[in-house]
Amino acid sequence: MQSKEHSQPSLFQRIRQPHLDGTTQPFTGGRSRPGEWPRPSGRRRGLWERSSPPRRLTGNVVQFPPTWLRPAQWKELGLQALPPGLMVVEEIISSEDEKMLLEGINWTEDTGNQNVQKSLKHRRVKHFGYEFHYENNNVDRGKPLPGGLPDICDGILEKWLKKGYIKHKPDQLTVNQYEPGHGIPAHIDTHSAFEDEIVSLSLGSEVVMDFKHPDGITVPVMLPRRSLLVMTGESRYLWTHGITPRKFDTVQASTGHKSGIITSDVGDLTLSKRGIRTSFTFRKVRQTPCNCSYPLVCDSQMKATPPSFPESEREASQLEQEYVHRVYEEIAGHFSSTRHTPWPHVVEFLKALPRGSLVADVGCGNGKYLGINKELYMIGCDRSPSLVDICRERHFQAFICDALAVPIRGGACDACVSVAVIHHFATAERRVAALQELVRLLRPGGKALVYVWAMEQEYNKKKSKYLRENRMSQGKEEEVSSDTPGPELLVEQVPDTGHKEPACRMPSISDFQEGGRNSREVTNSKLPVHTNRTSFHSQDVLVPWHLKGNPGKDKPAEPFGPGGSHDPSAVFHRFYHVFREGELEAACQTLSDVRVLRSYYDQGNWCVILEKV
Amino acid sequence: MKLLTHNLLSSHVRGVGPRGFPLRLQATEVRINPVEFNPEFVARMIPKVEWAALLEAADTVRTLPHARARPEWGGGRGRSHRRPGSLARVGMPRGDLGLCPQLHLVEVPKEPIEGYEHDEKFLRKMHHVLLEVDVLEGTLQCPESGRLFPISRGIPNMLLSDEETET
């Protein structure tokens, strides 16, 4: 397989394309056509599939669907390829046209509420054709903006249609102006809002745009000045795209400002100072629901089938992909900024471990616990590449993996911690399997600490911090308001008064004793959406996360401040199975080689300390 | 990824089991990261190390012809490499096999010597190999299935696809 690749060294070379004024300019990229690419079916394929070899169309034009390899093999061979369906056309307009377009934008706000320029915190925006609403990331197709697209765009769009750079005439235009330091968070343009083809013209300055696949692969792409970015297919529907808010980009030193992927070859990199970049993004508004081949990230198709209690491993895995993994990837920065206070009992557990212990933090998130005890060798792992990135920035040892298959040799760890992780698994079997993995990592005599969210948010007549109004609790799950956090409250250990009266009435039987699923409480199989800061009424819930900015404040831990496509109140739903009293302990008892050393309640969480026998 | 971390990692491709260890390391970018020497700590790590795997990993890092090693920038604990300007061109490494002279990956002894707990020279060597060598870019290969896991910016991505985890 690999020898074939080596025999095609020209696979990723530039090709020449006559451009609008007749001169020949290079452009890179391969365009995918539907049918040419292996389409992901319902099941998730390996990221990269094999494809057909390059075809020579005319003298100067070679069409080369890049050969997709596994990311690791791709790296090994030193080859790089654009995301499928992505193309960058250089020098697509002349300097004169660029000047004309830039001068043609009237940024001053119209009083008639037409083409209203919304001043987002970080970048200036103006819409034509249809207004794009950032509250729900969608357009109001019933209320087109008067005037349609500006006249000056007509000629340019006709040219592009004729040349075949675009296939459809767009009817919506969003003009974004980015000053150096501005960016836009990684996002996928809403499936239900726009058709497949989305094109973006870069004026005034070049920029590096990052494309990210759900598996964590990030591809930085240079968009030169006066170039057109064309996103179709997988690059439009599945990969996210974003611009990091910064003033310099790392670019290829040798090729200068040419489009294409920026390699990780450190020897050929240099810094490029950003200028003011204005993008003209042309899209066609959809009039019917989206029916793409990427249902898990498609709002039309996900809305048609609201998430329900999973009936199989496969459904559980898909539910977790959509309502856990994808969400954490989107909210990672904001999430991390709300997770800075280690919980005292977890700290206690870590500090009590013998010096020189090897400890795994499974589901380490932003690495909150990885640096607590310097006498330990701690390694963290998490399913979210963005969160692991944050650990790495803090110079911790961390890697990306699934908690159901931790790639650490069995018996290697003196201890494990898993804080607020197992409650994200959608079936009882998967939750037990996660516990089993933790135990597998332990050496005989090793200890594990597990924390899960409790259904009982009021215990011993005391409300957890989560229920208490207005103050940010210690790392509690959600931040509705992102005001500057108040003084950190210490956990108040609830003394055992002897007579427990939990606010929630609960049967004393857990899943495991009954041997079945706990869907009994759910009358239909749809998952309810929980209202934050209230008691739980169901064990399986979707908990909202409001990705709000903090107006007037730019926290370093939150790189994508307010503004951007998730402004002002994008909501993400995360799946949780909240545990009843005794349920976690019972789950541990089903494992053959463990002993429960301690079982307790800590500020809205059920906790166990296990020992491997 | 430090070599001590590599020593703990094992392939979890379905069906591979203990034959998934050790992962074959191929490094294309390595950095030396000064870490404060704590002899007691290193002494406690020694019994936990799978020695043959460590020897193999140290060997591949030291001898790979196109391996590039960068000295630590700006002193300190490796924080400086993210500052603007620190991504300027790296001078071509000098020395044997293109390795930077600072990558003084000493010979790792074939096994821990008796009384190693008090042998400072030995402990310093091990400290350097286990904790100061940081693989930034490369791959890890499952010895049984051949599956490659990429290491990018020091982070191994050990995620398997659905097919690889399905029974």
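Values below: every heavy atom of this structure, side chains too, minus hydrogens, waters and symmetry copies. Small disclaimer: the values here were computed from a predicted structure and weren't measured. All chains are named by letter (A, B, ...) in the order of the sequence lines, taking the proteins before the strands, and each is independently numbered beginning at 1.
- Two rings, from B:Phe21 and B:His12, have their centers 6.0 Å or more apart.
- When heavy atoms are compared at a cutoff of 4.5 Å, A:Asp389 approaches chain B by way of both its backbone and its side chain.
- A salt bridge between A:Glu320 and A:Arg430 is present, with a side-chain N of the basic residue lying under 4.0 Å from a carboxylate O of the acidic one.
- Using a 4.5 Å cut-off between heavy atoms, B:Asn7 touches chain A through backbone and side chain atoms alike.
- Proximity to chain A involves both the backbone and the side chain of B:Leu4, based on heavy atoms less than 4.5 angstrom apart.
- For the pair B:Arg147 and B:Phe149, the cation-pi test (distance below 6.0 Å, angle within 45°) is passed.
- For B:Glu40, the part lying near chain A is the side chain, with the backbone staying farther off; criterion is any non-hydrogen pair under 4.5 Å.
- For chain B, the nearby part of A:Ile379 is the side chain; its heavy atoms alone come within less than 4.5 Å.
- Proximity to chain B is absent for every atom of A:Leu404, based on heavy atoms less than 4.5 angstrom apart.
- Side-chain contact check for A:Ser384 and A:Glu329: at least one donor-acceptor pair (N or O, by modelled atom type) lies under 3.5 Å.
- Heavy-atom contacts from other residues, nucleotides or ligands closer than 6.0 Å to NZ of A:Lys447 number 12 or fewer.
- When the candidates B:Met45, B:Lys2, B:Glu50 are compared by the number of heavy-atom contacts under 4.5 Å with chain A, B:Lys2 comes out ahead.
- Of the two parts of A:Ala405, the backbone and the side chain both hold a non-hydrogen atom closer than 4.5 Å to a non-hydrogen atom of chain B.
- If you check the side chains of A:Asp210 and A:Thr218, you find no donor sitting under 3.5 Å from an acceptor.
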